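Taking it in order: structure first as C-alpha cells, then the write-up.
Any value given below was found using the heavy atoms of this structure, including those in side chains, with hydrogens, waters and symmetry copies removed. All values derive from a computational prediction rather than experimental measurement.
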Amino acid sequence: MRMETDRYLTFALTKGRLAEQTLKLLGKVGIECREMQDKATRKLIFVNEELKLRLFLAKGPDVPTYVEYGAADIGVAGKDTILEENRNVYEVLDLGIGKCRMCVCGPASARERLLHHERIRVASKYPNIAKDYFYNKKDQTADIIKLNGSVELGPLVGLSDVIVDIVETGGTLKENGLEVLEVICPLSARMIVNPVSLRMETERIKGLIMRLRGNLA
Ligand code: PRP
C-alpha cells in the first residue's frame, strides 16, 4: 500500500512582495527547503525530500491557475488576485499578511461623478473586480480600461476618471495628488487549495492549516 507521505505536496507561492513573509510563515510550521536560502539561485522548483514537499514561486495571477489544474496542491496568493482570477479553488485560510485594501481612487474632483452615478472611465489592473463593483454592486455605467501597472497614471494623463487599485500605505496616491474615494474590500494573503487535493490529502492539508492557524499573528 502506498504511504500517504509518498506523494509530494506541491506549493505555488507568489513571487515578489509577498514571498518573504510567506516563506517566513511557512518556515515556522516546518514547510521549507534548504536550497531556497540561496538568494542567487536561478532554480525554479525547490524540493524537501525528507518531508516530501515541493515549492515554487510564480507570478501572482498564475498561482490560482496552478492550483485549479492541480499542478500545485496549495497556493498562497493575494485576495485581489483570487477575486480577479476567479478560479475553481478553495480559499481555506487568511494568512493575515500583505494587508491592504482594494479602492476606487482618483482626484477629489471625481467624487461627484461617483456620487451621482454618472458614466465613468476606470483604469485598473483588476478589470473583473472593477466590473463587478461598478456593474453589480453600484449599478453604475463604467468603461473599464485594463492596465498592467503604474495605474495611478490613468487619471493623471487623462486616460480615466478614476482607478481601481490596491492601497497599502497610501503613499503612492498622496505623492500623485490622488485619494481614496471608495473602499471596495479589505485584502490580505490567503491560502488556497485544489479541491481534489483536499479530498486526497485531507489529513496532511488540514494538519497544516491547523498549525498555520496557531502561528498567525
Ligand atoms: C501597488 C499598487 C499601488 C501601490 C500602493 O503597486 O498598484 O500602485 O502598490 O501602495 P502604497 O499605498 O503603499 O503606496 P506595485 O508597487 O505593486 O506596482 P505596480 O504599480 O506596477 O502594479
Can you hop from [X] to [Y] via hydrophobic side chains spaced under 4.5 Å?
X: I166; Y: I144; answer: yes
X: L93; Y: L198; answer: yes
X: L216; Y: F11; answer: yes
X: L13; Y: Y90; answer: yes

Non-hydrogen side-chain atoms of [X] and [Y] separated by less than 4.5 Å:
X: S188; Y: I97; result: no
X: L114; Y: D161; result: no
X: L153; Y: L147; result: no
X: L208; Y: M191; result: yes
X: C185; Y: I129; result: no
X: F46; Y: E32; result: no

Minimum heavy-atom separation for [X] and [Y], please, with both atom names.
X: N194; Y: A72; answer: CB-O, 4.0 Å
X: A77; Y: V63; answer: CB-CG1, 4.0 Å
X: T14; Y: L57; answer: O-CD2, 3.9 Å
X: V122; Y: F134; answer: CG2-CE1, 3.7 Å
X: Y8; Y: R54; answer: CD2-CG, 3.7 Å
X: A110; Y: L181; answer: CB-CD1, 4.0 Å

Counting only heavy atoms not in [X] (residues, nucleotides, ligands), do more than 12 fall under 6.0 Å from its [atom1]?
X: L115; atom1: CG; result: yes
X: E49; atom1: CD; result: yes
X: K146; atom1: NZ; result: yes
X: D139; atom1: CG; result: no

Subject >> D143 vs R119, salt bridge (charged side-chain N to carboxylate O under 4.0 Å, His left out): CA-CA, chis, key distance, verdict >> reply: CA-CA 8 Å; D143 302 306; R119 186 178 187 132; 2.9 Å; yes
**OP:** Output all residues satisfying ring-ring contact (aromatic ring centres under 6.0 Å, His included) with Y133, sequence neighbours left out; order by chain, then residue number.
**Re:** none
**OP:** Report the C-alpha distance between I45 and T10 in whole Å, list the side-chain angles of each, state the deciding distance to 0.1 Å, and finish with yes or no for side chain to side chain contact (heavy atoms under 4.5 Å, CB included).
**Re:** CA-CA 10 Å; I45 303 179; T10 303; over 6 Å; no
Original post:
Taking Q140 for the side chain and Y135 for the main chain, is one N or O donor matched with an acceptor at less than 3.5 Å?
Top reply: no
Subject >> N/O donor-acceptor pair under 3.5 Å between R211 side chain and V29 backbone >> reply: yes
**OP:** Mind running side chain to side chain contact (heavy atoms under 4.5 Å, CB included) on L173 and E179 for me, showing each step along the way?
**Re:** CA-CA 6 Å; L173 291 177; E179 54 191 73; 5.7 Å; no
Original post:
How long is the gap from CD1 on I145 to OG on S124, to the nearest 0.5 Å?
Top reply: 10.5 Å
**OP:** Could you check K79 against M102 for side chain to side chain contact (heavy atoms under 4.5 Å, CB included), going step by step and ending with a plain yes or no?
**Re:** CA-CA 10 Å; K79 179 69 179 173; M102 185 63 74; over 6 Å; no
**OP:** Sort out for me which residue in R17, K99, R101 forms a side chain to side chain donor-acceptor pair (under 3.5 Å) with E168.
**Re:** R17
Original post:
Any luck finding a side-chain donor-acceptor pair between E84 and N128 under 3.5 Å?
Top reply: yes
**OP:** Could you check L9, N48, L55, T22 and say which one makes a side-chain contact (heavy atoms from CB on, under 4.5 Å) with I31?
**Re:** L55
Original post:
Run the side chain to side chain contact (heavy atoms under 4.5 Å, CB included) check on K138 and E182 step by step: do they pass?
Top reply: CA-CA 11 Å; K138 288 204 66 177; E182 288 174 1; 2.9 Å; yes
Original post:
With D73, which residues qualify under side-chain hydrogen bond (donor to acceptor under 3.5 Å, both in side chains), at least two apart?
Top reply: R7, S197
